[in-house]
Amino acid sequence: SFVQHLRAAGDKQGKDVFFFDNGDVVDGTGLSSATPVHGKAVLPLLTSLPLDALNCGNHELYQSRTVLEGLLGTVGPRPSFVGSWNGTYLTSNIVLASSGAPLGSRFALLKGRHGTRLLVLGWLYEMRDHCDAVNVTSIAAAVSEPWFAAAMAHAAHVDAIVLLAHMHYADPLVGEMLAAIRRAVGPAVLVQVLAGHSHIRASARLDARAAVLEAGHYADTVGFASFNASRGVSLHHSFVHEYVHMSRASLAAAAGVAAAAFDTPAGLALSRRIDETRDALGVSTALGCAPRTYRASAPLGADDSLWSLYLDVVAPAALFTPARNASQCFLTSTGALRYDLYAGRVTRDDVAMVLPFEDRLWVCRRAETSSPRRWPRSTAGRPAERTGRRGSGPCVRSRRRCLGTRRPRARSRPSSSLTRSWAISTGTLSREPSARLAGPPSARPCATTRPQLQLAALRHRQQTRMRGSAGRGRCRSHHAGASR
């Protein structure tokens, strides 16, 4: 609805409006993880969006099935998700491991209704922990390949170059890409970089005729970049960057329409498809009721701290009750909790938004060291089993109650393959029957699932907070009419 209103306003002024997506369409909601192939239910819905071009993010590349069956798989006579975009799904430096062919297209040429011409490329940071189905080419190697020279040959016939860059807005790779463009086409061509991945709102001027914009995270922001496509004589050029909050009221105001008249037929049809898909997959199933809103950004110890709820209630209730040993601790990645938990009815979707990654939880019963920095090691000196392929070892954060793994470099934030959780028991061993200690002595998967972990917290906290408050009324549903 928003894009249709914005384009209608642009038509009245004779201006072109282009709509891009910068990747990470997999993970983050219950719809993504509700199917065996992550994103299988989400991808068909995205094809209804009026996108001019879209990029691939790192989350699409953690599982080979998501690539081969999700992005490239076909259902009946319909084309694959990548094929449905007719050459505008851009993967300039992502290739299939089996053939070396690009996953999508290297670049695309776009022409707006009012004649604006764009050369668009789609880049991913130099990701190392991708699945086996793909390879990610370094920026330096990609810009030296023949296809890049062929793309730059079009620069003389376009009004601007747009780089969809799934990376931090200040990543040195942004400078590498711009330098390669300047070497190929000179300083006069306008370049707008649309960055992502680091989850912030930020913008910067790169040179006299180039700028970069990054627009938030978790679909909380629509980034708006505006520039005059004229090739004027002056090398200095003005770029305008705005951030529009992803709420119904903000989108309607930005589009210049009343909130009551905001929905378009196409927008309503897509909303119905989303609701039908959610219902079919059970994503809207209620699991419990939260007495208040818990914020992932709230400081530890605050009443509304989601991290305090997770560390002080969820983990102990699910893992350490009843107590098994004299000393117990829980380690988890600082990137584990991804979204707020809102007051009211809590559904499977809410749980998946808080903890979107299906990481295995490991329990260690025989850690014989007082320093988490020296753990994990088995009693026989063998490395303990871990999930994930990369990442540094455990370290202790400054707050005593929260332990976590070190964050990787800025180019590669914690991901589903890096987010690990450990429950460690030290001191006197528990009196569990030996039959239940089958498997490696150092670590075993915990049978407790993610929803069970969350429900343990919800029920515990609800019972605690609601004692003596009978008659206050039922839990109210949250976010009525809001864009999630």
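Owing to the predicted nature of the structure, the values given are computational and were not obtained by experimental measurement.
- In this structure, Leu337 and Thr332 have side chains that are not in contact, with every pair of non-hydrogen atoms separated by 4.5 Å or more.
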Practice problem: List the steps, then state whether ring-ring contact (aromatic ring centres under 6.0 Å, His included) holds for His217 with Tyr339. | Solution: CA-CA 11 Å; His217 67 166; Tyr339 204 69; 8.2 Å; no
Exercise. Show the numbers, then the answer: is there a side chain to side chain contact (heavy atoms under 4.5 Å, CB included) between Leu46 and Asp21?
Key: CA-CA 10 Å; Leu46 290 173; Asp21 183 272; 5.8 Å; no
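- Scanning both residues, Asp340 and Ala296, for their nearest heavy atoms gives OD1-N, 2.8 Å.
- Distance check, rounded to the nearest 0.5 Å: CG of Asn22 to NE2 of His197 gives 11.0 Å.
- Side-chain N or O atoms of Ser250 include none that pairs as donor or acceptor with a backbone N or O of Ser247 at under 3.5 Å.
- Looking at every heavy atom in both residues, Ala97 comes nearest to Asp132 through CB-O, 3.3 Å.
- Distance check: His130 NE2 to Ser64 OG gives 10.0 Å after rounding to the nearest 0.5 Å.
- Taking the side chain as every heavy atom from C-beta outward, Arg7 and Phe19 approach each other to under 4.5 Å.
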Under 3.5 Å, sequence neighbours excluded: what are the donor-acceptor pairs made by side chains of residues 65-72?
{"residue": "Arg65", "atom": "NE", "partner": "Glu69", "partner atom": "OE2", "Å": "3.0"}
{"residue": "Arg65", "atom": "NH2", "partner": "Glu69", "partner atom": "OE1", "Å": "3.3"}
{"residue": "Thr66", "atom": "OG1", "partner": "His38", "partner atom": "O", "Å": "3.4"}

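- In terms of modelled atom types and a separation under 3.5 Å, the side chain of Thr347 and the main chain of Ser284 share no donor-acceptor contact.
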Practice problem: Decide side chain to side chain contact (heavy atoms under 4.5 Å, CB included) for Leu287 and Asp350; before the verdict, give the C-alpha distance in whole Å, the side-chain angles of both, and the deciding distance to 0.1 Å. | Solution: CA-CA 9 Å; Leu287 300 177; Asp350 296 312; over 6 Å; no
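- The two atoms that bring Tyr169 and Ser198 nearest to each other are N-OG, 4.3 Å, heavy atoms only.
- Taking 4.5 Å as the limit, every side-chain heavy atom of His241 sits out of range of all side-chain heavy atoms of Val212.
- Residues Pro316 and Gln328 form no side-chain contact, since every pair of their non-hydrogen atoms from C-beta on lies 4.5 Å or further apart.
- Here Phe20 contributes atom CZ and Leu90 contributes atom CG; the two are 9.0 Å apart, rounded to the nearest 0.5 Å.
- For the pair Tyr243 and Ser203, the minimum side-chain heavy-atom distance is below 4.5 Å.
- Side chains of His166 and Asn55: a donor-acceptor N/O pair is absent below 3.5 angstrom, by distance only.
- Between Tyr125 and Asn58, the closest heavy-atom pair is OH-CB, 3.3 Å.
- Panel note: side chain Asp349, backbone Thr29; no donor-acceptor pair is recorded below 3.5 Å.
- Remark: side-chain polar atoms of Ser32 are paired, donor with acceptor, to backbone N or O of Asp27 under 3.5 angstrom.
- Atom-to-atom distance recorded for Met353:CE and Arg338:CZ is 13.5 Å, nearest 0.5 angstrom.
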Exercise. Give the intermediate values and the outcome of side chain to side chain contact (heavy atoms under 4.5 Å, CB included) for residues Val3 and Val17.
Key: CA-CA 8 Å; Val3 175; Val17 176; 5.7 Å; no
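- Aromatic ring pairs are classed by plane angle as parallel below 30°, tilted from 30° to 60° and perpendicular above 60°; the pair Phe81 and Tyr89 is perpendicular.
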Quiz item: Given the rule in the side chain to side chain contact (heavy atoms under 4.5 Å, CB included) test, do Val244 and Leu251 qualify, once you have shown the distances and angles that lead to the verdict?
Solution: CA-CA 7 Å; Val244 182; Leu251 294 175; 3.9 Å; yes
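- Within the 4.5 Å cutoff, the side chain of Leu103 has heavy atoms near those of the Leu61 side chain.
- The distance from the CG atom of Asp304 to the OG1 atom of Thr293 is 8.5 Å, given to the nearest 0.5 Å.
- When side chains are defined from C-beta on, Tyr310 does not count as touching Tyr294, because their heavy atoms never get closer than 4.5 Å.
- A donor-acceptor contact shorter than 3.5 Å links the side chain of Thr277 to the backbone of Arg273.
- The minimum heavy-atom distance between His5 and Ala255, with the atom names listed, is CB-CB, 3.7 Å.
- Counting only heavy atoms from C-beta outward, the side chains of Asp24 and Glu60 approach each other to under 4.5 Å.
- The two atoms that bring Ser308 and Gly301 nearest to each other are OG-N, 2.8 Å, heavy atoms only.
- Residue Leu124 holds its CG atom at 12.0 Å from CG of Leu164, rounded to the nearest 0.5 Å.
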